[in-house]
Novice: 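Dumping the structure here so I can ask a few things about it.
No experiment lies behind these values; they were computed from the predicted model shown.
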Amino acid sequence: MNMTPDLHSLDTLFAARRSCRAFRLDPVPRAVIEDILRCAQKVPSWCNAQPWKVTLCSGAETERLRAALMQAAQGGGHSPDLEFPAGYSAEYQQRRRDCGWALYEAVGVEKGDRAGSARQMMENYRLFGAPHCAILSSPAELGPYGAMDCGGFVAAFTLAAQAAGIASIPQAAVASFAPLLHELLDIPEDRVILCAISFGYSDTEHPANSFRTSRADLGEFTIWRG
């Protein structure tokens with residue numbers, strides 16, 4: 001690859017980022033979180049609407065959220081604001097399976113171990129032990145375009161966090177309990193809860209952080225014309 005120095009630095013940052021699934025309890029300094037947010041908000045948005053709002057939990061508020069999510073998850077009743085995918089097919093299903101099985105293998109969950117896979121699934125609602133959790137929402141009136149813009153913010157946040165030495169993981173699973181989040185965190189009903197981003201310092205010794213996902217080759221997702 002023929003990369004400029006700046007592009008090479010960015011590519012290195014992308015390659016270093018991973019979804020962290022086990023965190024240390026140490027809190028991230030407020031000033032560092034503010035720097036990450038200021039960096040992430042520089043992403044482009046449709047008509048410069050900047051539709052994202054971040055409800056950021058730390059300390060006792062994170063623990064309150066964690067406890068409420070764990071209780072809700074044990075009872076089921078998922079109700080996301082943003083409709084979840086109707087299904088995964090072809091290469092999308094294969095990539096999803098590959099990621100899931102890589103995680104299960106890393107943490108010692110064998111195929112057919114439903115209790116083990118259920119325990120690992122519950123880690124989503126424990127926020128993987130993260131000391132901080134950001135809940136991302138967009139105005140309902142902006143529809144898919146607001147959600148698309150917020151996707152850019154999620155990518156920017158996770159990269160900015162990586163640059164600051166902070167691990168993160170975007171979580172759709174948390175958003176599946178949207179009514180709980182609206183009530184618990186006073187998020188207005190005219191905003192669509194899109195996802196959570198749990199973040200903090202990575203527990204580098206935990207087996208859940210020992211695997212990496214792959215990326216498709218250029219030819220798998222690029223169609224050249226001209």
Side-chain angles (χ1 to χ4, degrees), residues 1-45 52 54 56-58 62 88 91-92 94-107 120 123-124 126-136 138 147-175 194-218 220-222:
M1 292 185 291
N2 251 341
M3 289 188 176
T4 64
D6 283 350
L7 182 55
H8 177 74
S9 296
L10 182 59
D11 184 65
T12 300
L13 185 63
F14 267 101
R17 189 215 62 82
R18 67 170 68 188
S19 289
C20 180
R21 291 177 173 85
F23 294 87
R24 295 176 3 220
L25 290 176
D26 320 49
V28 178
R30 173 72 173 261
V32 174
I33 299 174
E34 289 180 352
D35 285 344
I36 292 169
L37 290 167
R38 288 192 187 97
C39 184
Q41 72 170 350
K42 294 179 175 67
V43 293
S45 60
W52 45 81
V54 180
L56 210 152
C57 297
S58 301
T62 301
Y88 291 83
E91 65 265 37
Y92 314 114
Q94 188 59 52
R95 291 168 190 160
R96 187 169 183 258
R97 284 175 175 165
D98 288 346
C99 177
W101 285 120
L103 171 60
Y104 289 156
E105 182 178 1
V107 297
Q120 184 58 43
E123 284 296 300
N124 280 283
R126 204 178 68 83
L127 308 176
F128 299 104
H132 307 280
C133 184
I135 307 297
L136 191 67
S138 175
M148 180 176 69
D149 288 342
C150 288
F153 182 89
V154 171
F157 184 99
T158 59
L159 286 170
Q162 180 65 37
I166 305 302
S168 64
I169 180 168
Q171 294 180 262
V174 171
L194 301 172
C195 71
I197 308 174
S198 293
F199 66 98
Y201 296 102
S202 175
D203 180 354
T204 56
E205 301 301 315
H206 196 286
N209 289 328
S210 66
F211 79 99
R212 298 300 301 265
T213 54
S214 62
R215 290 296 182 268
D217 292 333
L218 211 61
E220 291 185 51
F221 67 91
T222 307

Novice: Minimum heavy-atom separation for I166 to G200, with atom names?
Specialist: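 Looks like CG2-O, 3.3 Å.
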
Novice: Does a side-chain heavy-atom distance below 4.5 Å link C20 with N209?
Specialist: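 In short, these two side chains touch, coming nearer than 4.5 Å.
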
Novice: Residues in salt bridge (charged side-chain N to carboxylate O under 4.0 Å, His left out) with R30, at least two apart?
Specialist: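 Partners of R30 by the salt bridge (charged side-chain N to carboxylate O under 4.0 Å, His left out) criterion, ordered by chain and then number, come out as E34.
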
Novice: Do the side chains of L56 and L37 get nearer than 4.5 Å, heavy atoms only?
Specialist: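 Touching, per the 4.5 Å side-chain cut-off.
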
Novice: Take atom CG in L218; do more than 12 heavy atoms of anything else shown fall under 6.0 Å from it?
Specialist: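 Yes, the 6.0 Å shell around CG holds more than 12 heavy atoms from other groups.
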
Novice: How many angstroms lie between OG in S9 and CZ in F14, if you round to the nearest 0.5 Å?
Specialist: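 The CZ atom of F14 is 12.5 Å from OG of S9, to the nearest 0.5 Å.
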
Novice: Just how far is it from atom CG of L103 to atom CD of E123, taken to the nearest 0.5 Å?
Specialist: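 Spacing of CG (L103) from CD (E123) equals 9.5 Å.
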
Novice: Measure the shortest side-chain to side-chain distance between F157 and V54 over non-hydrogen atoms and say whether it is less than 4.5 angstrom.
Specialist: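 Not touching, per the 4.5 Å side-chain cut-off.
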
Novice: Report the distance from atom CD of E105 to atom CZ of F211, rounding to the nearest 0.5 Å.
Specialist: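 Rounded to the nearest 0.5 Å, the CD-CZ separation comes out at 10.0 Å.
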
Novice: So which heavy atom on P170 is nearest to which on T158, and how close?
Specialist: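 Minimum heavy-atom contact is CG-CG2, 3.9 Å.
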
Novice: Mind listing the closest non-hydrogen atom pair of P131 and T62 along with its distance?
Specialist: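 Between these two residues, the closest heavy atoms are O-OG1, 2.9 Å.
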
Novice: Just jot down the side chain to side chain donor-acceptor pair (under 3.5 Å) partners of R24, sequence neighbours excluded, or say none.
Specialist: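 Side chain to side chain donor-acceptor pair (under 3.5 Å) check on R24 returns D26.
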
Novice: Can you name the residues that form a salt bridge (charged side-chain N to carboxylate O under 4.0 Å, His left out) with D98, not counting sequence neighbours?
Specialist: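 D98: no salt bridge (charged side-chain N to carboxylate O under 4.0 Å, His left out) contacts found.
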
Novice: Compare every heavy atom of V43 with every heavy atom of A156, then report the nearest pair and how far apart it is.
Specialist: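 Shortest heavy-atom separation between A156 and V43 comes out as CB-CG1, 3.1 Å.
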
Novice: Rounded to the nearest 0.5 Å, what separates atom CZ in R212 from atom SG in C99?
Specialist: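 Here the interatomic distance stands at 11.5 Å.
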
Novice: Please check if atom CZ in R97 has more than 12 non-hydrogen atoms from other residues, nucleotides or ligands closer than 6.0 Å.
Specialist: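 Atom CZ in R97 is not crowded, with 12 or fewer foreign heavy atoms closer than 6.0 Å.
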
Novice: By side chain to side chain contact (heavy atoms under 4.5 Å, CB included), which residues pair with Q171, not counting sequence neighbours?
Specialist: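 Counting only residues at least two positions away or on another chain, Q171 forms a side chain to side chain contact (heavy atoms under 4.5 Å, CB included) with N124, L127, F128, I169, V174, A196, S198.
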
Novice: Is there a donor-acceptor contact under 3.5 Å from the side chain of H206 to the main chain of R21?
Specialist: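 No; judged by distance alone, with no hydrogens or angles, the pair does not exist.
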
Novice: Just how far is it from atom CG of L194 to atom CZ of F153, taken to the nearest 0.5 Å?
Specialist: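 These two atoms lie 11.5 Å from each other.
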
Novice: Grab the two heavy atoms, one from S58 and one from H132, that are nearest each other, plus how far apart they are.
Specialist: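 For S58 versus H132, the nearest heavy atoms are OG-ND1, 2.8 Å.
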
Novice: Could you report the tightest heavy-atom contact between P44 and D149, atom names first, then the distance?
Specialist: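 Smallest interatomic distance, heavy atoms only, reads O-OD1, 4.5 Å.
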
Novice: Among residues at least two apart in sequence or on other chains, which ones pass side chain to side chain contact (heavy atoms under 4.5 Å, CB included) with D217?
Specialist: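 D217 satisfies side chain to side chain contact (heavy atoms under 4.5 Å, CB included) with E220 once adjacent residues are dropped.
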
Novice: Only counting residues at least two apart or in another chain, list the ones meeting side chain to side chain contact (heavy atoms under 4.5 Å, CB included) with P29.
Specialist: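 If we apply the side chain to side chain contact (heavy atoms under 4.5 Å, CB included) test to P29, skipping adjacent residues, the hits are V32, Y201.
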
Novice: We want to know whether T213 and R215 form a side-chain donor-acceptor pair, criterion being a heavy-atom distance below 3.5 angstrom.
Specialist: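 Note: T213 and R215 side chains meet the donor-acceptor criterion.
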
Novice: Please confirm whether F23 and F199 have ring centers closer than 6.0 angstrom.
Specialist: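 No, ring centres 6.0 Å or more apart.
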
Novice: What distance do L159 atom CG and R17 atom CZ have between them, rounded to the nearest 0.5 Å?
Specialist: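 So the gap between those two atoms works out to 7.0 Å.
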
